[in-house]
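Computed from a predicted model, the values in this text were never measured in an experiment. Residue indices begin at 1 and follow the sequence shown.
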Amino acid sequence: MDSRFSKLSEHLYIHHGHINTGILRDGDRTLLIDPSGTTLHTTLAALGITNIDQILFTHHHRDSTVGFPIEDNIRVGVPEKEMTWFTEVETFWNDSQYRWHLYNYHPHNLMLADAMSVTDTYTDGAQIEWGPASLKVIETPGHTDGSVTYLIDVDNKRFAFTGDLIYDEGQLWELYSLQKGQQTSDYHGFLGARDELKESLEKIREASPTALVPTHGVVMDNPDRAIDALLERLAYCYDKYVAISALRHYFPQLFTEFEGHPGHMPIREGKPPPECLRHFGTTWLIISETNEAFVMDCGSPNVIKQIQQLQADDEISEVTQFWVTHYHDDHVNAIPEFQETFPCETIADSVVAAVITNPIGFRLPCISPSVTRVDRITQDGDSWQWNEFTMTAYHFPGQTYYHGGLLVEGHGVRMFFGGDSFTMAGIDDYCSGNRNLLGADVGYGKCLRLIQELKPTHIFNCHVDPAFDFTDAEIACMLDTLAERERCYTELFPWDHANYGMDEHWVRCYPYEQEVAPGGTAQLRVEITNHSDEPRTITAQPMLPASWGMEIAPRETTILPRADGYIDFSIPIPQHCEALGRAVIPVDITYNARPLGQFREAIFVLNGG
């Protein structure tokens, strides 16, 4: 049989494109489940199907809903809880709450570029009779809040089309869609949707399907074994997250069930900071013997008032240097006002500076639209003298990849300012969108080895008043746990490294958003991180609005192992566009011969020239 499709029963087929599309057949007509991509029509032709009668979608993600033309006379059914993200998706793209200060993640990923017409919506328990089959809708949230599973009874068998709840026996397609808060915002909810996912999988199990058919993945003919393997592996992976999670310091009530678990690092006691320091909000301030001040981060105007009060009380004379630890809004929101008030030198790591000087170019958690002036950009290991203190800057990809660390030596102590990267309980990696990469020489592996080498007497977190440090045994525990995470999370995904399933931004567009004028040209770079140990080839193609009447040819490049690469595009903007405003430009990706569909996007803001 043609490898593009397989036969599940007399009337049911699967098209294997960049996703699996269900083809329920009755003679020359069909009902399709999750049609997407440009190759489906070849399978329909091979099966002699000429009439598409009805289409059902399991969830709203762009990679499983676009690329296959839908004619006006076709009935389209979607989960009722996700209808807005099909029919009014412009409300997402035009609402600033989904662009800036991103602490909540539902929805956030793979949104449609353009709205589509919907004729039917379905809730839990809905029944659909079509041709030789009976279908039942089961609400199965997890991968998205409104995902559904379609149970199809046909040819004396029952098939469960599960969307992206499961990829294969013991595997998920990706993890970052499961970022969800339970008693907190989504930002603090690493794997927070796992309970919903488990409940949904158990609902499917109770329906006793013959096989599971995922959107991404392989057909599973032993559903019980596939579900058991995933739930067991997910529980183990989550335990390895909790074992060294800094969130245990902030929200201990979230982790009471894990108390006393073997292999979990005890929470360390803090210790008083040196007398030369002050702490306001997320700001640390160092006072020199000359009464000059060195300030780190400014997320609130209240910090400016408190510094001015220190001046009024003659505790400090002037602010002479300013360091930015990372780009998160609670650290940078008030920097423009700070820079107007205290015209001192602003210093930041090169990776941090790229974001805070041009935030519109990025789409990241907790991002602020505030633009920071950076006077000195540091590279890893750059040192300078500030009064009696020796400062050494590092790229410190801890809480987020876009993060710096600062070692301050003086007064007989070695103080390390790690932004939000550590607490006494461990590492702050509770948001998958922050790019907490796994590996010995990246992410927290790199950070912990630096701490091991520098041996600071005090470590500081911007949200925590006490200082702290880690023993050699605690650092070894964290490094060993991270190594085990790299192993077990790699098993969780159908990739050769865990980072593909955990790093939402391994493919990204730069700039993410830019203003362009009709008749002008936009420059767009598709950036890729190859997390593999071997070279990888990637093909990218920006998908322009149909009304522009033009197409950009795909381009290809090969990226070295464990390295970043990119593909540049020059995109002409038509002189006469139908509408000004925000245009979503999806980018179709094929990675190492694996088609991923419209995997990422950029935003062009058409400004009228």
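Distance check: Phe468 CZ to Asn461 CG gives 5.5 Å after rounding to the nearest 0.5 Å. To the nearest 0.5 Å, the span separating SG on Cys462 from NE2 on His326 amounts to 6.5 Å. Between the CG atom of Leu178 and the OG1 atom of Thr144 there is a distance of 10.5 Å, given to the nearest 0.5 Å.
Residues Thr58 and Thr149 form no side-chain contact, since every pair of their non-hydrogen atoms from C-beta on lies 4.5 Å or further apart. A 4.5 Å side-chain heavy-atom check between Arg594 and Trp495 finds at least one atom pair inside the cut-off. Taking the side chain as every heavy atom from C-beta outward, Arg268 and His249 never approach each other to under 4.5 Å. Between Leu596 and Val507 the shortest side-chain heavy-atom distance does not fall below 4.5 Å. In this structure the side chain of Asp429 never reaches within 4.5 angstrom of the side chain of Met502, judged on heavy atoms. Residues Gln399 and Tyr430 are in side-chain contact: their nearest non-hydrogen atoms beyond the backbone lie under 4.5 Å apart. Residues Glu196 and Lys180 meet the side-chain proximity criterion, which asks for heavy atoms closer than 4.5 Å. For the pair Leu448/Leu482, a side-chain contact is recorded, criterion being any heavy-atom separation below 4.5 Å from C-beta on.
Of the N and O atoms on the side chains of Asp34 and Thr215, at least one donor lies less than 3.5 Å from an acceptor on the other residue. Side chain to side chain, His16 and Ser6 meet the donor-acceptor criterion of an N or O pair below 3.5 Å. Counting only N and O atoms by type, the side chains of His261 and Asp239 include a donor and acceptor under 3.5 Å apart. Using modelled atom types, one finds a donor on one side chain and an acceptor on the other under 3.5 Å when comparing Thr558 with Thr537. For the residue pair His15/Thr39, the side-chain donor-acceptor check at 3.5 Å is satisfied. His395 and Gln379 are not linked by any side-chain donor-acceptor pair at a separation below 3.5 angstrom, with hydrogens and angles left out of the test.
Salt bridge status for Glu206 with Lys203: absent, with no side-chain N to carboxylate O gap under 4.0 Å. Using a 4.0 Å cut-off between charged side-chain N and carboxylate O, Arg449 and Glu453 make no salt bridge. Under 4.0 Å is where a charged nitrogen must lie from a carboxylate oxygen, and between Asp503 and Arg508 no such pair does.
Taking the ring centroids of Phe159 and Phe161, they lie at or beyond the 6.0 Å cut-off. If you look at Phe362 and Tyr327, their ring centroids are not closer than 6.0 Å. The aromatic ring centroids of Tyr103 and His188 lie 6.0 Å or more from each other. Taking the six-membered ring wherever Trp is involved, the centroid distance between the rings of Phe422 and Phe416 does not fall below 6.0 Å. Aromatic ring centres of Tyr500 and Tyr591 lie closer together than 6.0 Å. The distance between the ring centers of Trp506 and Tyr176 does not fall below 6.0 angstrom. Close placement of the His463 and His331 rings is indicated, their centers lying within 6.0 Å of each other.
Of all non-hydrogen atoms in Gly142 and Ala193, the two that sit nearest each other are O-CB, 3.8 Å. Listed here is the closest heavy atom pair of Lys455 and Arg414: O-NE, 3.7 Å. Of all heavy-atom pairs between Asp63 and Ile19, the closest is O-CG2, 3.7 Å. Minimum interatomic distance between Thr21 and Ser36 (heavy atoms only, all atoms of both residues): OG1-N, 3.8 Å. The nearest pair of heavy atoms linking Thr481 to Lys240 is CG2-O, 3.4 Å. Nearest heavy atoms, Ala498 versus Leu438: CB-CD1, 4.1 Å.
In this structure, Thr457 has no side chain to side chain donor-acceptor pair (under 3.5 Å) partners at least two apart in sequence or on a different chain. In terms of the ring pair (Phe, Tyr, Trp, His ring centres under 6.0 Å) criterion, residue partners of Phe86 (sequence neighbours excluded) are, by chain and number, Phe57. With sequence neighbours left out, the side chain to side chain donor-acceptor pair (under 3.5 Å) criterion links Asp496 to Ser532, Arg536.
Annotation: cation-pi geometry satisfied between Arg525 and Tyr566 (NZ/CZ under 6.0 angstrom from ring centroid, within 45° of ring axis).
The backbone N or O of Asp428 sits less than 3.5 Å from a side-chain atom of Tyr444, completing a donor-acceptor pair. With hydrogens and angles disregarded, a donor-acceptor distance shorter than 3.5 Å links the side chain of Thr423 to the backbone of Ala246.
In this pair, Trp173 and Tyr167 present their aromatic rings parallel. The plane angle is below 30°, not in the 30 to 60° band. Taking the six-membered ring where the residue is Trp, Tyr187 and His328 present perpendicular rings, their angle passing 60° and hence far from 30°. Ring planes of Tyr241 and Tyr238: tilted class, angle from 30 to 60°.
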Step by step, would you call Met265 with Arg248 a side chain to side chain contact (heavy atoms under 4.5 Å, CB included)?
-> CA-CA 10 Å; Met265 190 177 79; Arg248 298 178 300 158; 4.1 Å; yes
